[in-house]
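One structure is given here, and the rest of the page talks about it.
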Amino acid sequence: MTGAAGRLASARPASPRRKWTDSPHLWFWIFVGPFVAGLVVFVVIPIIWSVWLSFYDARNTVTPTHFVGFDNYTRMLGDSAFRSSLVTFVLFALFIVPTTFVLSLALAVLVSNTRAGKAFFRSVFFLPTACSYVVAAMIWRESLFGGTAAGLINTVLGWFGVAPIAWLSVVHPPWYWLVLVTVRLWLQLGFFMVLFLAALQRVPKQLYEAAALDGATGWKAFRYITFPQLRATSTAVLMLLLVNAFQAFDEFYNVLTTTAGYPPYARPPLVYLYNVALGNGQDFGDGSAGAIILTLIIAVFALLQGRLTGLGRREV
Amino acid sequence: MVPIMVRYSQLSVPAGPSRRQVLAGGAGALTLAALTACGGNTGRSSGGAGASGSGGGAGTIAQWYHQYGEPGTEQAVKRYAAAYKPAKVSVQWIPGNYDQKSAAALLTDSGPDVFEYGNGPTIDMITGKQVVDLTDLYGDAKSDFTASLLERMTWQGKIYGIPQVVDMQLFVYRKSMLAKAGVKPPETLDDLVAAAKKLSTGKVKGLFVGNDGGASVLAGPVLWSSGHDYLKDGKPDFDNAEVAGALGKFRDLFSSGDLLLGAPTDWSDPGAITSGLTAIQWTGLWNFPALQKALGDDFGVLPFPAIGGSGKPSVPVGAYAACVSARAENVDAAKKFVKWLWVDQTSDQLDFAQSYGFHIPARASLVAKADKLKSGPAATAAGYLKDYGHPQTPLLWTPKSSTAMTDAINNIVRSGASPTMELAGVRKVVDAELTRFGG
């Protein structure tokens, strides 16, 4: 201990007896406790319960008694509708993840480089994030992509002599994907753009100045400075996008559901599982087995992506 | 299964759960009991004073209804309940996804004592012992109820629901449009296809069977009108050449350009025909007041036409049925109330069927007394119930079978898949489901 420090220590008045309210543990649990309790009650226990249910015949009950081993898993994996929804959403993820990534990054770079109205553009592009998925789905389904000549897009197409397209009815070509992808991009691009914008602001200006002296500007500067500097943000964005893609539900459900349920096109695994377990099916055994399978698939893809992008690796 | 009594409020965009809700739910239903226990008024008394107590007087009976769209219905059912003297009845009016909410509530002790369910309880509710046998409530009145609907709610000789009112799906057509095009109301499927072609002019399409080309609604009518059924003697009766051929015709219709697709409202709303987008539309009896208001006398009704030589016209009929939860605080008190309201109180039953929405009473004696069914298209439709009515789906047609069939028809009609192969695929699912019940 240095002399100065020693003097300070000796100068401190003798501490009074600590009251119980001074305990840092007490305040830790007062602030954190409710959240931990919520997490345990609403997330941890349901997950454990779900794993348990997945090994039981649990039709119309959440306290089943008939153990069936892996039967629910075998049935779900043998269910062509569930398999097809998994395959569809692997393909959907392969498309939507890079698309959203590239477009949100491009938007961020454009907004960050704009000279005038930066705040305006940032707000305009971010605003859709505040919109409810259900409301956006309704606007897309009933107004923009209405199937008759009165639909907005059909009206515009009509000016060029194109016959009205029943966007959500025909499946060859699968126009419904255009509806689903555009509403998703509109809703999500702004959020990821803001993440990239924040990261762009942290790139040291002197790097660009030094690179400019060496003749690296424009695309070269982006390729060799901006993009590598965004690595940490990029990996996080990719992970969020991947999880988002497999958890697709809101806009799909609200765009495509009819009175008879959800059609076999663009049916997300979550929508299928919702109908099996929580819809009319009330089969919590099969539904839970499907949820576990889906979780494992997301985990595998996340690990794979982590390996490829170096998520969690110590920054050099 | 398509609920036959679809309300306007349910139609355009489903009031769906959010992704987070599904994730939470999909991760397990553990919290259900806790949530239901601590959230909301379920209608039951908190004191748990049951009729079984020595003191006599029953506790509160919780009765659940889905949200009927017609003004006055809620007040009417509350009035009926208030008039029941032996016990206090608390009516819960449930908006949104009623089937899912009531099914989930049945898992807990805080669910309804008495509740209505489309076409009676599901087979899994019955075998899971979530509902109780109501056979003894019928007494002498049993023969007065529509027999096919009672059969739909019967499992191993016991009846698990009491039909409240009957609804029906059928074709409606614009008389003036058919007359102008020189088209007679179609009597066969081939007539219907030809009529659709002739009636399609400019922005008007000849036929509307839903924005999915009929995938939601065609299964039953195509089966019955071609002389078949979902199940016959407990075995699948849908994978045959007649049904495959009829579905193939709907595929041709779908790609012909004569079918209205992408309408702002779906088949269960009268919007497409009242706004002049189509000349013939598949819809429901519940739309008659709106049709009369918009079109006056300019509409007629038709059953789904006969298909092939052995076919006969058909219409699907369904009924919300009163059921009693096995977890009811006092099952006997709940049963007594159900008997009082849905068996004994014929004047209330008639009032419920014809004073608010537009329904057919579930009992022959009341159909005869229903003034609104004595003339015009309504009288014709009431006649279809007797001559061509089929319960929407059989009891053993589970939600899984229903999804498989709807998927198959979607694939056949919209994607052009082979009807024979698709129906064979449905059979596999249905066979597996039937084995669960000893089939």
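What you see is a predicted model, and the numbers here were worked out from it, not measured in a lab. All chains are named by letter (A, B, ...) in the order of the sequence lines, taking the proteins before the strands, and each is independently numbered beginning at 1.
Here the closest non-hydrogen pair linking Gln130(B) and Asn60(A) is OE1-ND2, 2.8 Å. Taking all atoms of both residues into account, the shortest heavy-atom contact from Arg414(B) to Val171(A) is O-CG2, 3.0 Å. Residues Thr148(A) and Pro264(B) share a closest heavy-atom pair of CG2-CD, 4.0 Å.
With a 4.5 angstrom heavy-atom cutoff, Ser415(B) touches chain A via backbone and side-chain atoms both. For Asn154(A), no part lies near chain B; criterion is any non-hydrogen pair under 4.5 Å. With a 4.5 Å cut-off on non-hydrogen atoms, Ala215(B) does not touch chain A at all.
For the atom pair NZ of Lys400(B) and CG of Asn280(A), the computed distance is 14.5 Å after rounding to the nearest 0.5 Å. Separating the CG atom in Leu261(B) from the CG atom in Leu168(A) is a distance of 11.0 Å, to the nearest 0.5 Å. Distance OG1/Thr63(A) to CG/Leu107(B): 8.0 Å, rounded to 0.5 Å. For the atom pair CG of Asn211(B) and CG of Leu256(A), the computed distance is 11.5 Å after rounding to the nearest 0.5 Å.
Listed options Ser169(A), Pro164(A), Ser54(A), Gly147(A) were ranked by heavy-atom pairs under 4.5 angstrom with chain B; first place goes to Ser169(A). Annotation: maximal heavy-atom pairing with chain A below 4.5 Å, among Asn411(B), Val429(B), Ile409(B), Thr398(B), occurs at Asn411(B).
Within 6.0 Å of the CZ atom in Phe67(A), the count of heavy atoms belonging to other residues, nucleotides or ligands exceeds 12.
Taking non-hydrogen atoms and a 4.5 Å limit, the residue list of residues 262-269 of chain A in contact with chain B, ordered by number, reads Tyr262(A), Pro263(A), Pro264(A), Tyr265(A), Arg267(A).
Between Asp266(B) and Thr258(A) the shortest side-chain heavy-atom distance falls below 4.5 Å. Thr122(B) is not listed as a side-chain neighbour of Gln282(A), based on a closest heavy-atom distance of 4.5 Å or more.
Applying the side chain to side chain donor-acceptor pair (under 3.5 Å) test to Asn72(A) and every residue at least two apart in sequence or in another chain returns Arg75(A).
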